[in-house]
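Here is the structure we will look at, set down as structure tokens.
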Amino acid sequence: MQLEQTEITDIRTKAPGPSGALPLTDQMLRNSPSGDLFGLSQNVGMGWEPDKLNGKQVLLLSTQGGIKDSEGEPIALGYHTGHWEVDMLMKEAAQVISQSAGVPFAAYVSDPCDGRSQGTTGMFDSFPYRNDASQVYRRLIRSLPTRKAVIGIATCDKGLPAMMMALASMHDLPTVIIPGGVTLPPAIGEDAGKVQTIGARYSNDELSLKEAAELGCRACATPGGGCQFLGTAASSQVVGEALGMSIPHAALAPSGQEIWKEMSRQSAKAAVQMINENMTTKDIITNKSIHNAMVVHAAFGGSTNLLLHLPAIAYAAGCDLPDVEDWHEVNLKTPRIVSVLPNGPDYHPTIRAYLAGGVPEVMLHLRELGLLHLDVLTVTGKTLGENLEWWENSSRREEMKKRLKEADGIAANDVIMAPPQAKERGLKPTVTFPVGNIAPQGSIIKSTSIDPTMIDADGIYYHKNKIKVFTSERKAIQAIRNGKIEKGDIMAVTGCGPMATGMEETYQLTSALKHLSYGKYVTLLTDARFSGVSTGACIGHIGPEGLAGGPIGKLRDGDVVEVYIDTENLSGHLHFLGTEEHPASPEEGSVILAERTQNKDIFPADQLPDDTRLWAALQKVSGGIWRGSVYDVDRIIEVLEAGEKALAENDNKNHPAYEQKLQ
């Protein structure tokens with residue numbers, strides 16, 4: 001549409017400015033920083049009324065993405081449903097701040113979608129993005145020096161962990177997390193996890209083109225919220241609430257619905273109350289609350305990616321970092337009591353876990369087992385024990401369970417079970433940490449995701465066979481699609497760790513194996529990580545990674561590998577045992593692997609961004625993935641200074657004067 005020339009040239013060069021006067025005092029003008037004073041001018045310039053400027057300022061940070069019109073219809077799309085509706089949560093929270101005589105501010109750092117970047121070079125930025133976003137969030141918080149509290153609104157795999165890391169580092173500020181909730185599953189169709197396998201299933205003639213197109217269209221049945229399974233997004237929401245950073249029954253609320261909006265309003269009230277009661281983040285996040293989060297994660301059967309994120313949150317909070325032994329101990333003691341996608345045994349979507357009582361319902365069972373620290377403070381201003389007493393006797397609890405029965409015909413205790421019932425149904429602890437001559441630094445498998453028919457009466461998963469080695473995810477998925485992977489195979493996919501790809505997520509592989517008819521008979525070993533919705537005999541986080549000289553990068557096609565997973569005691573091993581022609585013991589295998597050279601086809605991925613290369617180097621110096629891939633600034637500076645000193649000494653040795661001195 002063309003504009004009339006008069007409309008284009010009707011340009012104002014002056015404006016009267018806001019009416020009224022700033023609420024300045026003699027003391028402010030004499031002693032306040034110029035930035036505080038100019039900030040008031042900026043505030044009224046944006047339309048805030050001058051007589052309402054003295055309220056306590058609360059910063060709302062979110063991962064909002066996309067642009068909507070006044071009717072909520074898309075003008076520009078976001079990257080994913082997880083950040084499409086969080087602007088609604090921000091509005092609800094902001095109105096509460098204003099009604100409390102506060103001054104809300106809003107800022108945005110959006111986030112990527114791991115589902116969208118699967119199998120693409122976009123995955124090279126996925127995990128490193130978390131640290132970058134957390135840094136930007138922290139800078140934005142510090143760049144509003146007059147804020148009295150911060151509310152973080154986020155939903156998904158990297159944005160929410162980044163937000164929790166940022167808020168955890170604000171030790172002396174009140175902070176609250178508002179989780180973005182979940183999207184609903186389609187009435188008829190597949191969840192957003194299974195639907196990501198339509199390409200592999202179509203290529204294996206297990207799905208028609210029409211079926212693939214229709215299933216893909218319906219999978220995200222509502223426009224907002226995280227995916228419908230207990231992947232990294234949902235697990236992060238659960239962990240945030242378990243830490244005490246969110247109000248009770250906040251995680252997994254259905255995006256866009258009134259109960260979800262009410263959660264945002266109550267969260268904003270909690271932030272105001274924290275200001276008034278001088279409560280800060282360091283009162284909430286402690287070693288005890290970190291332990292509680294680990295226990296709740298185990299009870300839900302959460303994503304293994306939280307083993308990367310929770311240590312990073314603990315680091316930001318100045319708490320002790322949980323190590324492998326801590327995770328092992330927690331998972332041994334904690335029963336898994338939630339039956340939900342992708343773990344089962346019944347594949348309920350996350351909305352059902354919410355209606356069954358969500359995090360507080362699970363915590364009631366854990367309280368009875370004595371597994372929780374009930375004296376920790378939460379953002380409600382009350383202890384966890386007090387919150388659970390409220391939940392146990394609340395009408396809300398009964399109303400949620402009643403609604404689940406009415407809507408889906410499901411009893412709440414079939415989703416969140418009492419420990420004896422869970423044991424009877426065959427629910428087992430979640431995470432196992434196999435070691436061995438292929439994984440001397442360790443590895444991770446969500447042992448609950450192994451097909452039950454592949455586990456013997458003693459709880460053992462055992463697989464021994466010749467291995468097929470792939471040096472990229474792309475080559476491995478091509479092999480699956482081209483029919484080169486068969487029943488009984490063991491696959492090694494290496495060259496996918498932090499140094500090689502930014503530790504990409506290999507859900508393409510794990511989802512294909514889950515939903516192909518022969519997939520349960522295949523074992524996958526990799527130095528990459530998995531999506532939280534991944535299932536099957538898939539072992540990741542193998543360290544050291546192949547590109548760093550790790551044994552996984554020295555395996556060859558035809559090597560014999562033994563995989564042993566004890567799903568009862570959460571132990572296991574990954575051993576190279578020579579070849580069929582020349583068998584070797586595990587000890588002999590270690591010697592053979594040590595003498596081998598790295599696979600010549602392992603190298604940093606093409607198009608690996610410099611940003612990711614820098615991230616990989618910094619997190620490696622800081623302790624790597626087993627310390628949460630954080631940036632340990634003191635350690636980084638120490639290494640840089642040592643490097644500078646070594647370079648200087650080397651330069652001196654090459655100087656002509658040094659040569660003359662030696663002569």
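Remember, it's a predicted structure, so these values are computed and weren't measured experimentally.
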Return the minimal non-hydrogen interatomic distance between [X] and [Y], and the atom names on each side.
X    : Y    : answer
L388 : L364 : O-CD2, 3.7 Å
S110 : G65  : OG-CA, 3.7 Å
D458 : E568 : O-CG, 3.6 Å
V109 : Y137 : O-OH, 2.8 Å
I284 : M279 : CD1-CE, 3.5 Å

Assess the side chains of [X] and [Y]: does a donor N or O sit below 3.5 Å from an acceptor N or O?
X    : Y    : answer
R529 : S303 : no
Q118 : E505 : yes
H309 : R130 : yes
S126 : D114 : yes
S622 : D632 : no
H541 : D527 : no
S447 : T432 : yes
S339 : D414 : no

Would you check if [X] and [Y] make a side-chain contact, meaning some heavy-atom pair closer than 4.5 Å?
X    : Y    : result
I542 : L574 : yes
P112 : R116 : no
I153 : T63  : no

My understanding is that only residues two or more places apart in sequence, or in another chain, count here; which of them pass side-chain hydrogen bond (donor to acceptor under 3.5 Å, both in side chains) with [X]?
X    : value
K261 : none
S255 : E85
D125 : none
T453 : D451, K520

Can you sort out the partners of [X] under salt bridge (Lys or Arg N to Asp or Glu O under 4.0 Å), two or more places apart, ordered by chain and number?
X    : value
E386 : none
E325 : none
E329 : K333

Could you tell me whether a side-chain N or O of [X] sits under 3.5 Å from a main-chain N or O of [Y], the two making a donor and an acceptor?
X    : Y    : result
T378 : K382 : yes
Q421 : N413 : yes
E92  : R265 : no
T380 : I247 : no
S443 : P434 : yes
D283 : T280 : yes
D191 : G193 : yes
S264 : L89  : yes
S289 : T286 : yes
R367 : V362 : no

(message) Counting only heavy atoms from other residues, nucleotides and ligands, does the tally under 6.0 Å from OH of Y79 exceed 12?
(response) no

(request) Count the heavy atoms belonging to other residues, nucleotides or ligands that lie under 6.0 Å from CD of E406, then report whether that count exceeds 12. (result) yes

List the atom pairs, donor and acceptor, that lie under 3.5 Å between side-chain atoms in residues 164-179 and the rest of the protein, sequence neighbours left out.
from	atom 1	to	atom 2	distance (Å)
S169	OG	A166	O	2.6
H171	NE2	A316	O	2.8
D172	OD1	K282	NZ	2.9
T175	OG1	T281	OG1	2.6

(message) For a side chain to side chain contact (heavy atoms under 4.5 Å, CB included) check, start with the C-alpha distance between I351 and L252, then their side-chain angles and the critical distance, and finish with the verdict.
(response) CA-CA 6 Å; I351 178 61; L252 313 181; over 6 Å; no

Roughly how far apart are [X] [atom1] and [Y] [atom2], rounded to 0.5 Å?
X    : Y    : atom1 : atom2 : value
T81  : Q228 : OG1   : CD    : 8.0 Å
M417 : K423 : CE    : NZ    : 15.0 Å
Q237 : L230 : CD    : CG    : 10.0 Å
T430 : I445 : OG1   : CD1   : 12.0 Å
M400 : E398 : CE    : CD    : 10.5 Å
L513 : T197 : CG    : OG1   : 10.5 Å

(request) Establish, yes or no, whether a centroid distance under 6.0 Å links the rings of W615 and F127. (result) yes

All pairs passing ring pair (Phe, Tyr, Trp, His ring centres under 6.0 Å) where [range] contributes a residue, at least two apart:
range            : value
residues 279-308 : H291-H373, H297-W327
residues 241-285 : H249-Y354, H249-W391
residues 395-414 : none

(request) State which residue, out of L160, V86, V182, fulfils the side-chain contact (heavy atoms from CB on, under 4.5 Å) condition with T155. (result) V86

(message) Taking side-chain contact (heavy atoms from CB on, under 4.5 Å) as the criterion, tell me which of M503, E504, Q508 meets it with M123.
(response) E504

(message) Please determine whether a side-chain nitrogen of the Lys or Arg among D346 and R425 lies less than 4.0 Å from a carboxylate oxygen of the Asp or Glu.
(response) yes

(request) Apply the test salt bridge (charged side-chain N to carboxylate O under 4.0 Å, His left out) to residues R397 and E361: give CA-CA distance (whole Å), side-chain angles for both, the deciding distance (0.1 Å), then the verdict. (result) CA-CA 8 Å; R397 181 187 181 205; E361 191 71 20; 2.8 Å; yes

Which atom pairs, one a donor and one an acceptor, fall under 3.5 Å between side chains of residues 219-227 and the rest of the protein, sequence neighbours left out?
from	atom 1	to	atom 2	distance (Å)
T222	OG1	T183	OG1	2.6
T222	OG1	L184	N	2.9

(request) Evaluate the criterion side chain to side chain contact (heavy atoms under 4.5 Å, CB included) for residue pair L404 and H348; output intermediate values, then yes/no. (result) CA-CA 11 Å; L404 175 60; H348 298 295; over 6 Å; no

